[in-house]
Amino acid sequence: MSSNNPVNLRLPDGSVRTFDKPVTGTTLAADIGPGLLKAALAIKVNGDIWDLSREIEEDSDVAIVTKKDEDGLELLRHDAAHIMAEAVQELFPGTQVTIGPVIENGFFYDFARDKPFSDDDLEVIEKRMHEIVKRNEEIIREVWDRDEAIAYFKKIGEHYKAEIITDLPEGEVVTIYRQGEWLDLCRGPHLPSTGKLGDAFKLMKVAGAYWRGDSKNEMLTRIYGTCWTDKKELKAYLHRLEEAEKRDHRKLGREMDLFHLQEEAQGSVFWHPKGYTMWLQLEKYIRSRIQEFDYQEVKTPQVLDSKFWEQSGHWAKFRENMFVVPDETPSTEEGAPIISPDAKLMALKPMNCPAHVQVFKQGIKSYRDLPIRMAEFGCCHRNEAHGALHGLMRVRQMTQDDGHIFCREDQITEETIKFCELLASVYRDLGFPEFRVLLATRPEKRSGTDESWDHAEKSLEDALKATGLDYGFAPGEGAFYGPKLEFHLNDAIGRTWQCGTLQLDPNMAKNLGATYIGEDGNKHTPIMLHRAVLGTLERFLGIMIEHYAGKVPMWLAPVQAVVAPITSEAGEYAQEVFDKMQAAGMRVELDLRNEKINYKVREHSVKKVPAIIVVGKREAEQGTVSIRRIGSKDQTVIPFTEALEAFTKEATMPNGTA
RNA sequence: GCUGCCGUAGCUCAGGGGUAGAGCACUCCCUUGGUAAGGGAGAGGCCGGAAGUUCAAAUCUUCUCGGCAGCACCA
């Protein structure tokens, strides 16, 4: 078998096969067996995924990639994007292609076209994709000269592609993939032919997306698709999506009668009694937690003079997100403008920090006073873009579980560790043992010098390292006054939302003239740590509703139990049970309606009441209750006194507060 | 804010150039029924708003407001 230039390929099981040159992934797969040759999508060479047709020149560790591998699925999705692009360009000549990456569960491709695609186009495109798969076009990798490639794409009117190649780092190999008549610039790797994609894909939706993610650039039209290894998985995915939609907090909010939104107060929540009960419970819990961590709660003004915001830097960096309020008596004169053009301006606070600095500034502070941990359930208003609003997750009026830690430079690490400790234990208590941490660095629009940012970013990262948490980066995502840690949680359909945050701010206290007297007797500017554990009560409740699909823990549930007699015969006993539970401090309802027990059970189940307590003649005679828990079809019959004890225990907050 | 889609009773949705329908919810009546919808009767909308085309518009056109998804922005 060996010859002058043999290539040794070592398989994952450790066995080595030797081939004469030229050798490719296809050679290897064919050598192993016809079944694998058919299933092969690509080959992993020393950890990198290569096309099957690419020649392997040296001895390597290899593995054939099939659909069953995670890498294989990614290949399928990537090729689905390419095949979609081919279909689009066949059907809509003149459309330019830009980028088409793999994303979670699928792929997308951004196109430039005068008229954006509509939902109706998707069907046609999808049909053509299936045809391209049937054609089973061979996919061929070619290495092109950079300048030739640029010239070529310019010539055929693909200006975005030409721009992409132009911006490739020097020395990067320009590879082109050909499938049938069509070709695209791509790093690869790809399947050997379009037929390997199969039919487990579906185009999902059209959306606009800015070229290079910048709203100053032109908007492209993006087509999203999903792609799986087989139809069964595709179906399962679509089913999962449907199920997730049932957990949408906006839907559950209506069904459970928690809150509503209406256009006269866009982005601001009307909390109903039940929703506000949850709010109050959560607030009570977090309040007791911050007390435990030595925070002092304050309450500061809602409307402040614009000159105040000028000082804080908000006027320059944040004004477009602020609600401005004229400080003037509105004119009642017919036809006259309500507010004169030279009215003095105030603004609703978008953040609590400048107000907290004012509290700090009252009286002289010593270094011995630090750290000062000031907390506020601060109601803030931000004029968010219409398109950004989203149920409870993104609102215009929000209540943060805000806090500012005024500390010395040398206290940053300890305070960061303490905060992360608090946050992690709160998240654990609330059902989120896992969360994502990101370090967000300096944005384009910022105040403060580069030196102060260098320093702030470094000390925040050092402090973060000291917490031992795993973290990633969010470049350019910091607040305008400082870098921040972001703590993210997911909603029902996997979108991630920033909840908790810790922001290191070396600038604001200085801008607002806050100082303390140091050990040396001189004035120093305190460091401010802006921090929120939940982030906002609105968003966090939204996340919790989705996380628990409405079936929140009993301590948080607006109605903890419903007592439902089977017939009026047990009405008196039901009343007695109800009274005792209420007297024990539980949020309980009594359902005496003349309805069948089936009907009552169904209704309270839909409302996600944690416990339905059914009582009939038997229970009345024996002093028991029949308990049906939400999410279960079983019932347990136990003595009422026992049940009450268990319920009161369960209704206790995670940290033991009643 | 940008792109696409959508906007009919409280909710979910059907209809579609000749002045509007279903199920659930609501009100009343019958039913006292053992763990996710018992039966009957009734009330409720002028079809997001404005303008236009037409003998005639919820149905077509334009504009506008709002919702949803994505993008951008952000807790």
Side-chain angles (χ1 to χ4, degrees), chain A residues 108 110 113 115-122 204-224 245 248 250-251 254-255 257 260-264 266 318 320-321 350-351 380 382-396 398-402 440 443 445 477 479 484 486-489 493 495 497-501 503 530 532-540 542-543 564-571 594-606 612-619 626-630 632-635 637:
Chain A
F108 68 75
D110 285 348
R113 184 176 178 237
K115 187 180 176 300
F117 295 109
S118 74
D119 284 359
D120 297 334
D121 297 326
L122 290 192
M204 304 294 282
K205 58 202 169 194
V206 193
Y210 297 105
W211 168 236
R212 301 209 145 154
D214 189 335
S215 58
K216 287 197 271 300
N217 291 339
E218 57 274 57
M219 181 162 272
L220 310 169
T221 105
R222 173 174 297 180
I223 301 178
Y224 283 93
E245 275 165 25
D248 189 316
R250 294 164 299 186
K251 187 178 157 70
R254 200 169 38 236
E255 286 171 4
D257 193 16
H260 84 270
L261 295 150
Q262 66 186 54
E263 62 177 284
E264 288 78 5
Q266 269 180 64
F318 207 74
E320 62 197 46
N321 289 303
M351 299 179 190
C380 294
R382 293 184 193 172
N383 199 344
E384 302 286 349
H386 290 78
L389 301 176
H390 181 95
L392 296 178
M393 306 297 198
R394 192 76 185 272
V395 292
R396 286 177 155 178
M398 70 201 87
T399 304
Q400 302 175 314
D401 64 322
D402 205 4
K445 229 175 155 180
E477 301 283 314
K484 63 181 183 180
E486 302 181 350
F487 300 88
H488 291 258
L489 294 173
I493 64 170
R495 283 178 294 220
W497 297 91
Q498 184 190 320
C499 293
T501 182
Q503 313 175 353
H530 308 242
V533 177
L534 305 176
T536 66
L537 284 135
E538 287 85 356
R539 178 176 290 180
F540 208 92
I543 293 276
I566 289 167
T567 69
S568 55
E569 214 177 1
N594 176 18
E595 293 291 353
K596 283 193 161 187
I597 195 63
N598 288 10
Y599 184 88
K600 293 184 185 178
V601 165
R602 177 185 151 73
E603 198 170 89
H604 298 121
S605 298
V606 166
I612 303 172
I613 298 168
V614 175
V615 294
K617 201 173 159 191
R618 287 203 299 269
E619 286 78 8
S626 166
I627 301 163
R628 183 186 166 120
R629 304 300 308 247
I630 186 74
S632 161
K633 288 198 190 303
D634 306 327
Q635 311 119 46
V637 180

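Given the structure is predicted, the values throughout are model-derived calculations rather than measurements. Here is how names work: the chains are called A, B, and so on, in the same order as the sequence lines, proteins then strands, and each is numbered from 1.
- Pairing for B:A75 is absent, judged as Watson-Crick or G-U wobble with the two contacts each under 3.5 Å.
- Side-chain nitrogen and oxygen atoms of A:His386 include none within less than 4.0 Å of the OP1 or OP2 phosphate oxygen of B:C73.
- Of the residues listed (A:Gln266, A:His390, A:Arg394), the one engaging A:Glu384 in a side-chain hydrogen bond (donor to acceptor under 3.5 Å, both in side chains) is A:Arg394, and it is the only one.
- Pairing of B:A69, defined by two Watson-Crick or G-U wobble distances under 3.5 Å, is identified with B:U3.
- Between the CG atom of A:Asp401 and the CG atom of A:Leu534 there is a distance of 4.0 Å, given to the nearest 0.5 Å.
- Residue contacts shown for A:Arg254 are limited to sugar-phosphate atoms, with no base heavy atom under 4.0 Å away.
- In terms of position along RNA chain B, the nucleotide closest to A:Pro116 lies nearer the 5' end than the nucleotide closest to the other residue of the pair A:Pro116 and A:Leu534.
- Heavy atoms of A:Arg222 sit under 4.0 angstrom from primed sugar atoms or phosphate atoms, though from no base atom.
- Residue A:Tyr599 has its side chain nearest to B:G38 when only B:G4, B:G34, B:G38 are considered.
- Interface remark: the A:Thr221 side chain does not form any donor-acceptor pair with the B:U3 base, using a distance-only criterion of under 3.5 Å.
- When both pairing distances are held under 3.5 Å, B:U12 makes a Watson-Crick or G-U pair with B:A22.
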Run A:Thr536 and A:Arg539 through side-chain contact (heavy atoms from CB on, under 4.5 Å) and show every step you take.
CA-CA 5 Å; A:Thr536 66; A:Arg539 178 176 290 180; 3.2 Å; yes

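- An OP1 or OP2 oxygen of B:C5 is reached within less than 4.0 angstrom by no side-chain nitrogen or oxygen of A:Tyr224.
- In the model, A:Arg212 has no side-chain atom that pairs as donor or acceptor with a side-chain atom of A:Tyr210 under 3.5 Å.
- Not a single donor-acceptor contact under 3.5 angstrom links the side-chain atoms of A:Tyr210 to the base of B:G70.
- Distances shorter than 4.0 Å separate none of the side-chain N or O atoms of A:Arg212 from OP1 or OP2 on B:A72.
- For the residue pair A:Lys484 and A:Gln498, the shortest heavy atom distance occurs at NZ-OE1, 3.6 Å.
- Ranked by how close their nearest RNA chain B nucleotide is to the 5' end, A:Asp214 and A:Trp497 are led by A:Asp214.
- At a threshold of 4.0 angstrom between heavy atoms, the contacts of A:Ala532 with the nucleic acid are absent.
- Contacts of A:Lys600 with the nucleic acid, taken as non-hydrogen atoms under 4.0 Å apart, are absent.
- As the counterpart of B:G52, B:C60 is assigned, both hydrogen-bonding distances of the Watson-Crick or G-U wobble pattern falling under 3.5 Å.
- A close approach under 4.0 Å does occur between a side-chain nitrogen or oxygen of A:Arg250 and OP1 or OP2 of B:C68.
- Within 4.0 Å (heavy atoms only), A:Gly208 reaches at least one base atom of the nucleic acid.
- Checked for salt-bridge contact, A:Glu595 and A:Arg602 miss the test: no charged N lies under 4.0 Å from a carboxylate O.
- As judged by a 4.0 angstrom heavy-atom cut-off over every strand, A:Phe117 is placed among residues touching the sugar-phosphate backbone only.
- Side-chain atoms of A:Arg394 and base atoms of B:C73 include a donor and an acceptor less than 3.5 Å apart.
- Going from atom CE of A:Met219 over to atom C1' of B:G1 covers 9 Å, rounded to whole Å.
- With a cut-off of 3.5 Å on both Watson-Crick or G-U wobble distances, the partner of B:U27 is given as B:A41.
- A:Pro116 pairs by the side chain to side chain contact (heavy atoms under 4.5 Å, CB included) definition with A:Thr221, not counting sequence neighbours.
- A:Met204 comes within contact range of no nucleotide atom at all, as no heavy-atom separation falls under 4.0 Å.
- Counting non-hydrogen atoms under 4.0 angstrom, A:Ile566 reaches a base of the nucleic acid.
- Between the CG atom of A:Leu220 and the P atom of B:G70 there is a distance of 18 Å, given to the nearest Å.
- Between A:Gln266 and B:C65, a side-chain N or O to OP1/OP2 separation shorter than 4.0 Å is absent.
- Taking only side-chain nitrogens and oxygens, A:Arg495 comes nearer than 4.0 Å to OP1 or OP2 of B:G70.
- For A:Glu384 and B:G1, a side-chain-to-base donor-acceptor distance below 3.5 Å is absent, hydrogens and geometry of angles not being considered.
- Between B:A58 and B:A9, the two P atoms lie 15 Å apart (nearest whole Å).
- As the counterpart of B:A36, no nucleotide is assigned, since no Watson-Crick or G-U wobble pattern has both distances under 3.5 Å.
- The partner of B:C47, taking Watson-Crick or G-U wobble pairs whose two distances both stay under 3.5 Å, does not exist in any strand shown.
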